[in-house]
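Down below is the structure, laid out as structure tokens.
Predicted model, so just to flag it, every value in this text is computed and none were measured. Numbering starts at 1 and runs along the sequence shown.
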Amino acid sequence: MSDDVIWHCIRHNHCSFMAKITTGIFCRNPYNATGICNRSSCPLANSRYATIRDHDGIFYLYMKTAERAHQPNRLWERVKLPRNYEKAMEVINKHLEFWPKLLVHKIKQRLTKMTQYRIRMRKLQLKVREKIITVPRKKTQRELRRSEKAEKAAQLDKSIESELKERLRKGVYGDIYNYPFNQFDTILQMEKDDLAPEIEEEDEGEREYVEGDDIEMGDMDDMEDFEGLVGEDDEDDGFDEPVTKKPKGSYFNLRSKIGRKSTKVITEVDQDEDRNSRQMTQK
């Protein structure tokens, strides 16, 4: 299709890249060299066109020819430009040697402008600047209210503390004092340690052992008199009930039975008293 026909359709009908404002008509196509919508600068209405684009700080020279118009995927030829401005100019002159002078001049102007703004970008990055941050109004008001409440609470705590100290100094509470928690816990632990062995002794006190020296001397004398009476009865009366004599070692058995009196011994003592009364009547 002819370039004039394409330009007539774009200019008088509709173009998606066209931007009309009060100051003029501009083009938003990224391949436009000048950004102005006119016949010489339109990349769609020119089968032979060239421009410069920036990719992450690297400049590339884009060229379009009519021989590749039937291949949209290979329509633009890209050449990387060096970072040095003079060397980039030499590359442009080499690849656009037989191109229209007006188009070559526009591309060189674009390279100059892009080099200048890249230098400014580097300077701004190295320069320390204040970062402007927007703070929500509600958040600031909320923080102010919280700070005011915190100040009031702190003043209230201080007043309560001072009042308690004053009362304690005057002796309003008497002998009531608050001990530090750590010392109070240690005192409680010491008291528990002191009471623990007493509790164990009470639990183990079910079984007791008593020495044999606690017997009364009067009981021992009564037992000796009883042994003498038993000997006299054996010599005098042979017809009475025989009384078995205990061996000499019975005293040790008697010590083993300390603390309990036998009912049998009491009955024998009563019988001996009856015999003595009968002997006195016979005489």
Tell me whether M89 is reachable from L102 by hopping between hydrophobic residues (I, L, V, M, F, W, Y) whose side-chain heavy atoms are closer than 4.5 Å.
-> no
Just by modelled atom types, is the R39 backbone N or O under 3.5 Å from a matching donor or acceptor in the N46 side chain?
-> yes
Residue pairs, two or more places apart or on separate chains, that pass side-chain hydrogen bond (donor to acceptor under 3.5 Å, both in side chains) and touch residues 97-113 = S40-K106, S41-K106, Y85-T112, N93-K108, H105-Q109
Closest non-hydrogen contact found for A50 with A33 is O-CB, 4.3 Å
Go through the steps to decide whether I107 and M63 satisfy the test side-chain contact (heavy atoms from CB on, under 4.5 Å), and finish with yes or no.
-> CA-CA 11 Å; I107 292 170; M63 295 174 290; over 6 Å; no
Angle class for the H12/H8 ring planes (parallel below 30°, perpendicular above 60°, tilted otherwise)?
-> tilted
Min side-chain heavy-atom separation R11-I25 under 4.5 Å = yes
How many angstroms lie between atom CZ of F26 and atom OG1 of T34, to the nearest 0.5 angstrom?
-> 10.0 Å
Interatomic spacing from CZ in F17 to SG in C37 - rounded to 0.5 Å = 11.5 Å
For atom CD of E86, is the number of surrounding heavy atoms from other residues, nucleotides or ligands below 6.0 Å larger than 12?
-> no
What's the spacing between L144 CG and T140 OG1 if we round to 0.5 Å?
-> 6.0 Å
Rounded to the nearest 0.5 Å, how far does CG of L44 lie from SG of C27?
-> 7.0 Å
Give a yes or no on whether the ring-centroid distance for Y49 and Y31 is below 6.0 angstrom.
-> no
With hydrophobic residues grouped by side-chain heavy-atom distances under 4.5 Å, do I119 and I58 end up in a single group?
-> no
Provide the closest heavy-atom pair for I6 versus A45 in the form atom of the first, atom of the second, distance.
-> CG2-CA, 4.1 Å
Inter-residue atom distance S47.OG - R68.CZ, 0.5 Å rounding = 11.5 Å
Under 4.5 Å between side-chain heavy atoms, hopping through other hydrophobics if needed: is there a path connecting I36 to Y62?
-> no
Find out whether R142 and K139 are in side-chain contact, i.e. whether some heavy atom of one side chain is under 4.5 Å from a heavy atom of the other.
-> yes
Over all atoms of both residues, closest heavy-atom pair of A19 and R28 = CB-NH1, 3.2 Å
Is L75 linked to I10 within one hydrophobic cluster, defined over Ile, Leu, Val, Met, Phe, Trp and Tyr using a side-chain heavy-atom separation of less than 4.5 Å?
-> no
Look at the side-chain heavy atoms of Ile, Leu, Val, Met, Phe, Trp and Tyr, link any pair under 4.5 Å apart, and say whether M114 and V91 land in one connected group.
-> yes
Main-chain N/O of A66 paired with R48 side-chain donor or acceptor, under 3.5 Å | no
In Å, rounded to the nearest 0.5 Å, how long is the span from NZ of K87 to CG of L81?
-> 13.0 Å
Heavy atoms, side chains only, cut-off 4.5 Å: are Q141 and R137 in contact?
-> yes
